[in-house]
> 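What follows is a single structure, and I will ask about it in a moment.
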2 protein chains.
Amino acid sequence: MAVKSEHIPKATIARLATYIQVLSEFKREGTDVVSSERLAEACSVNSSQIRKDLAYFGEFGVRGVGYYVQDLITSIKRSLGIDRAWNCALVGVGNLGRALLRHREFSRKGFIIRGAFDCDPYKIGEVVEGMEIVCSRQLPAKVKELSLEIGVITTPPERAQRAANYLVGAGIKGIINFAPARIAVPKHIHLEYVDFFHYFYAAAFHIRFDDNRD
Amino acid sequence: MAVKSEHIPKATIARLATYIQVLSEFKREGTDVVSSERLAEACSVNSSQIRKDLAYFGEFGVRGVGYYVQDLITSIKRSLGIDRAWNCALVGVGNLGRALLRHREFSRKGFIIRGAFDCDPYKIGEVVEGMEIVCSRQLPAKVKELSLEIGVITTPPERAQRAANYLVGAGIKGIINFAPARIAVPKHIHLEYVDFFHYFYAAAFHIRFDDNRD
DNA sequence: GGGATTCTGTTATAAATTTCACAAGTTAGG
DNA sequence: CCTAACTTGTGAAATTTATAACAGAATCCC
Ligand SMILES: NC(=O)c1ccc[n+]([C@@H]2O[C@H](COP(=O)([O-])OP(=O)(O)OC[C@H]3O[C@@H](n4cnc5c(N)ncnc54)[C@H](O)[C@@H]3O)[C@@H](O)[C@H]2O)c1
Ligand SMILES: NC(=O)c1ccc[n+]([C@@H]2O[C@H](COP(=O)([O-])OP(=O)(O)OC[C@H]3O[C@@H](n4cnc5c(N)ncnc54)[C@H](O)[C@@H]3O)[C@@H](O)[C@H]2O)c1
């Protein structure tokens with residue numbers, strides 16, 4: 001059992017990702033032990049928050065001492081389910097899809113893009129970063145053959161639903177959708193939307209209207 | 001005055017971005033009027049949530065009728081401060097930076113990348129999507145000359161702080177950081193972190209541990 | 001060895017956010 | 001003109017999330 005608690009807030013998951021990032025940095029710097037207070041400062045959160053977030057999954061620290069950096073990284077990774085590799089399918093090999101394919105960090109962090117799919121006949125057969133682009137129709141076969149579990153959608157928005165349908169039909173377990181379109185999937189499929197514009201809108205809003213406040 | 005209320009939840013801003021996306025889709029389909037109930041369903045949220053989110057900014061609907069799609073899009077855009085163009089500086093023209101530069105949607109939505117900066121002498125002078133890559137040292141001059149307000153960091157993580165320093169020194173007002181590194185900026189600078197791994201981690205976690213729940 | 005100090009895990013408290021419930025405004029139809 | 005059917009905007013209630021406070025455990029130093 002990886003969790004002690006029933007429901008984990010979405011915000012906690014997001015923060016755990018940040019903790020891993022910052023802890024990895026501490027590790028590179030040669031820091032062996034860190035207190036929740038010090039980690040909190042580096043992550044711009046409250047130290048109770050960190051202890052609370054971790055408490056959802058177990059007891060990873062030592063009272064009077066703090067957290068052993070390497071151990072905590074390992075514990076958080078196990079808690080998140082990223083203590084093993086995940087095979088991913090990339091659907092839509094355009095500008096963004098190529099950037100993702102070429103990004104070494106994904107496989108280093110355990111998310112391995114093992115299949116790249118597109119429907120454009122001019123792209124099929126092309127090799128990007130050692131990976132041959134295959135026709136989307138081969139999704140069912142490839143998902144099975146390569147045990148692909150996570151589908152990454154980087155098609156134009158009007159094609160996102162179709163891509164999702166292929167992925168779901170092929171037996172994928174979760175989808176990360178980079179296209180700015182809402183899609184419908186059966187509720188046992190986990191779905192994450194990544195919309196860059198959220199961040200640009202938030203920046204614009206705060207720059208424009210925060211002047212007097214804050 | 002764009003807001004009625006003092007503080008707007010971060011989650012509200014994110015949802016408003018979704019509302020715009022879905023409303024634009026309705027508009028394309030030729031729908032003129034929409035109820036909060038119908039919009040809520042398309043956005044997978046509660047209809048009270050929508051009415052509450054909008055209430056932070058004003059009264060945009062008509063009782064007994066609903067919301068006029070085009071009017072609501074306009075109102076939300078004004079509320080978010082995206083009823084005008086924002087000039088952006090892209091720092092780090094690698095895989096991801098290029099994908100962003102080539103993405104037409106940014107300028108269509110009012111975020112215009114007017115300067116592309118890199119420190120690699122082999123890249124300086126190269127033209128990507130009609131934009132000449134300039135040396136990062138020219139940031140102060142260009143930010144002033146082109147009225148750049150938002151800085152987009154797509155450098156490797158270990159260079160993100162330096163890129164941020166350049167941007168802040170040059171007088172930028174907000175930063176969107178795509179590099180997986182925490183950075184420090186003066187508190188009048190608005191900072192958004194975009195970390196793709198958040199989404200991958202969340203997907204992995206839910207796929208692995210949600211089976212019995214939900 | 002013991003007292004001071006540090007720091008976690010957890011309970012209690014506070015704050016924020018979401019959902020509910022309904023008065024009030026709108027339209028349509030007879 | 002009046003009733004029935006809708007739908008918004010909003011205060012109150014419920015829920016969720018974050019912060020504070022502190023008992024319990026470990027270390028250090030004399
Ligand atoms: N490029 C960016 O920086 C960026 C930023 C934010 C969001 N996005 C979003 O990401 C998505 C991809 O953007 P892009 O710039 O890479 O677009 P793109 O047009 O360069 O690439 C889209 C690719 O998807 C393929 N495709 C279309 N339908 C398909 C289908 N049914 N099955 C498989 N492949 C299919 C196309 O052949 C093409 O290769 C878009 O939805 C875009 O809005 C992109
Ligand atoms: N490529 C992806 O799909 C992807 C996905 C998620 C996150 N990221 C993150 O985005 C960032 C960029 O990724 P990438 O794949 O484009 O890397 P990349 O190495 O292809 O590009 C980085 C660019 O930044 C430039 N650079 C380095 N230091 C600079 C400085 N001080 N000033 C200006 N330019 C500088 C480099 O010359 C290079 O052109 C990284 O931090 C990466 O972790 C990338």
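Residue numbers start from 1 in every chain, and the chains themselves are labelled A, B, ... in the order their sequence lines are given, proteins ahead of strands.
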> To the nearest Å, how far apart are B:Asn46 CG and C:dT17 P?
16 Å
> B:Tyr56 OH to C:dA16 P: how many Å, rounded?
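Taking OH of B:Tyr56 and P of C:dA16, I get 11 Å after rounding.
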> So, does A:His7 get its side chain near the phosphate of D:dT15, meaning an N or O under 4.0 Å from OP1 or OP2?
no
> Between A:Tyr67 and D:dA26, does any side-chain N or O lie under 4.0 Å from OP1 or OP2?
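Negative; the distance criterion is not met.
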> If you take atom types as modelled and just measure distance, does the side chain of A:Lys52 reach the base of D:dT19 with a donor-acceptor pair under 3.5 Å?
yes
> From D:dT8, D:dA26, C:dT8, pick the nucleotide closest to the side chain of B:Ser35?
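For B:Ser35, the side-chain atoms sit closest to D:dT8.
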> Looking at B:Arg102, B:Arg98, B:Arg104, which one forms a side-chain hydrogen bond (donor to acceptor under 3.5 Å, both in side chains) with B:Glu129?
B:Arg104
> To the nearest angstrom, how far is A:Tyr68 atom OH from C:dT8 atom P?
12 Å
> Would you say that more than 12 heavy atoms from the other residues, nucleotides or ligands in this model lie under 6.0 Å from the CD of B:Glu41, or not?
no
> Take the protein atom CZ of B:Arg63 and the nucleotide atom P of C:dA24, then report the distance between them rounded to whole Å.
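The distance from CZ of B:Arg63 to P of C:dA24 comes to 9 Å, rounded to the nearest Å.
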> Within the pair A:Arg38 and C:dC7, is there a side-chain N or O less than 4.0 Å away from OP1 or OP2?
no
> In whole angstroms, how far is the C1' atom of D:dT19 from the CZ atom of A:Arg15?
12 Å
> Could you say whether B:Gly66 or A:Val62 is positioned toward the 5' end of DNA chain D, judged by the nucleotide with the nearest heavy atom to each?
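So the residue in question is B:Gly66.
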> Would a line drawn from the ring center of B:Phe200 to the ring center of A:Phe106 be shorter than 6.0 Å?
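Here the rings of A:Phe106 and B:Phe200 have centres that are less than 6.0 Å from each other.
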> Would you mind reading off the distance between B:Arg51 atom CZ and D:dG11 atom C1', rounded to a whole angstrom?
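Going from B:Arg51 (CZ) to D:dG11 (C1'), I get 13 Å.
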> Determine whether more than 12 heavy atoms belonging to other residues, nucleotides or ligands lie under 6.0 Å from atom CZ of B:Arg84.
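For B:Arg84, atom CZ is crowded (more than 12 foreign heavy atoms under 6.0 Å).
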> Would you mind telling me which residue lines up with the more 5' stretch of DNA chain C, A:Gly64 or A:Phe60, judged by nearest nucleotide?
A:Gly64
> In whole angstroms, how far is the C1' atom of D:dT16 from the CG atom of A:Asp53?
14 Å
> Give a yes or no on whether a salt bridge exists between B:Arg114 and B:Glu145, defined as a side-chain N under 4.0 angstrom from a carboxylate O.
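Salt bridge between B:Arg114 and B:Glu145, a charged N being under 4.0 Å from a carboxylate O: no.
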> At less than 3.5 Å, do the side-chain atoms of A:Ser48 and the base atoms of D:dA18 form a donor-acceptor pair?
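Per atom types, no contact qualifies.
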> Tell me what B:Ser36 touches on the nucleic acid: a base, only sugar-phosphate, or nothing, going by heavy atoms under 4.0 Å.
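Answer is sugar-phosphate: B:Ser36 comes under 4.0 Å of backbone atoms only.
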> Rounded to whole angstrom units, what separation is found between the CD atom of B:Glu37 and the P atom of C:dC20?
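It works out to 11 Å between those atoms.
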